[in-house]
Structures are given as structure tokens and as C-alpha cells.
Amino acid sequence: MVNQPEQPAEPRSQPGKAILEWLLPTRTGYFLRIHVVPGAASNQIMGPHGDRLKIRIAAAPEKGAANKELLNYLAKCLGLPKNRLHLKSGAQDRVKVVEVVGLAPEVQERLQALWPSVSS
């Protein structure tokens with residue numbers, strides 16, 4: 001009997017180890033580190049901004065409107081129900097952390113596709 005070499009395991013995300021600077025896997029999903037620019041002309045993902053993903057949001061930063069619009073916009077971009085995204089920190093700041101609940105491989109692919117030029 002000839003021993004065949006084992007196939008290397010496909011790389012998997014480990015909790016706590018960033019996939020991209022702005023995308024951090026957790027035990028239940030992912031954290032998105034985001035820099036928000038409220039009051040923009042339209043919602044738009046701008047790209048990396050240091051260790052965060054810069055996103056322009058059309059809503060004004062009043063009474064949580066920009067936070068709500070950010071979560072709605074991300075849910076739409078990711079094709080996920082709104083209840084799978086939660087603002088974890090930064091409710092009154094431009095620097096925010098959004099939790100995306102779900103570990104399915106397509107969730108990671110969709111997250112990385114938010115800014116394709118940095119996910120290659």
C-alpha cells in the first residue's frame with residue numbers, strides 16, 4: 001500500500017485573525033470596521049481608509065438616521081436580511097464596528113466583494 005500525501009486543508013478564517021484589515025471573523029460571523037461619512041450625496045463604498053472600510057452615507061447624522069441607513073445599505077449590498085447586521089460600537093462616531101451574523105462561505109465572499117480591489 002502506497003501512502004498518498006494528504007491534501008492541504010483549505011484555508012479557513014480563524015476568529016480574531018483579520019481576513020482584510022477591515023474584516024474580522026468572529027465565532028458567529030464577522031466584524032466590519034467602518035469609517036462613515038454621513039450627509040453624502042449618495043450611499044457609496046469608497047474603499048480602504050487605514051484599517052477601516054470607508055462608506056459614504058446619504059443620511060444626516062441626526063437621531064441615528066445615518067446609522068440606520070448604514071445598516072440598510074450594507075444589508076442591501078450583502079443581500080442579507082437587516083436583522084443579520086448590528087451596530088456594535090460607534091453609534092455617535094464616524095468610526096464604527098458592524099457585526100454581520102452568519103458564517104456561511106457566501107457571507108465571507110460577499111463581504112470581501114464589498115471592495116474587490118483589496119480582496120485579491
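These figures come from a predicted structure and were not determined experimentally. All residue numbers refer to positions in the sequence shown, counting from 1.
- Contact between Leu53 and Pro48 at its shortest, heavy atoms only, is CD1-N, 4.2 Å.
- Annotation: the span from Leu74 atom CG to Glu69 atom CD amounts to 10.0 Å, rounded to 0.5 Å.
- Leu20 and Ile34 end up in the same hydrophobic cluster when Ile, Leu, Val, Met, Phe, Trp and Tyr side chains are linked at under 4.5 Å.
- Two residues are said to be in side-chain contact when any heavy atoms from C-beta on lie closer than 4.5 Å; Ile55 and Leu70 meet this criterion.
- Between Tyr30 and Leu24 the shortest side-chain heavy-atom distance does not fall below 4.5 Å.
- Using a 4.5 Å cut-off between side-chain heavy atoms of Ile, Leu, Val, Met, Phe, Trp and Tyr, with links allowed through other members, Val95 and Ile57 fall into different hydrophobic clusters.
- With a 4.5 Å cut-off on side-chain heavy atoms, Asn43 and Asn72 do not count as touching.
- Leu78 and Met46 sit in two unconnected hydrophobic clusters of ILVMFWY residues. Membership requires side-chain heavy atoms under 4.5 Å apart, directly or through other members.
- The closest side-chain heavy-atom distance from Val37 to Arg94 is below 4.5 Å.
- Contact annotation: the side chain of Leu32 never approaches that of Val97 to less than 4.5 Å [non-hydrogen atoms, C-beta and beyond].
- How far CG of Leu87 is from CD of Glu99: 10.5 Å, rounded to the nearest 0.5 Å.
- Counting all heavy atoms, side chain and backbone alike, Arg84 lies closest to Gly102 at NH2-CA, 3.6 Å.
- Residue Tyr73 holds its OH atom at 7.0 Å from CD of Gln44, rounded to the nearest 0.5 Å.
- Taking the side chain as every heavy atom from C-beta outward, Arg110 and Leu80 approach each other to under 4.5 Å.
- When all heavy atoms of Ala65 and Ala60 are compared, the closest pair comes out as CB-O, 3.6 Å.
- Scanning both residues, Gly50 and Glu21, for their nearest heavy atoms gives O-OE1, 3.1 Å.
- Using modelled atom types and a 3.5 Å distance limit, the side chains of Asn67 and Lys96 yield a donor-acceptor pair.
- His35 NE2 to Asp93 CG: the interatomic distance, rounded to the nearest 0.5 Å, is 9.0 Å.
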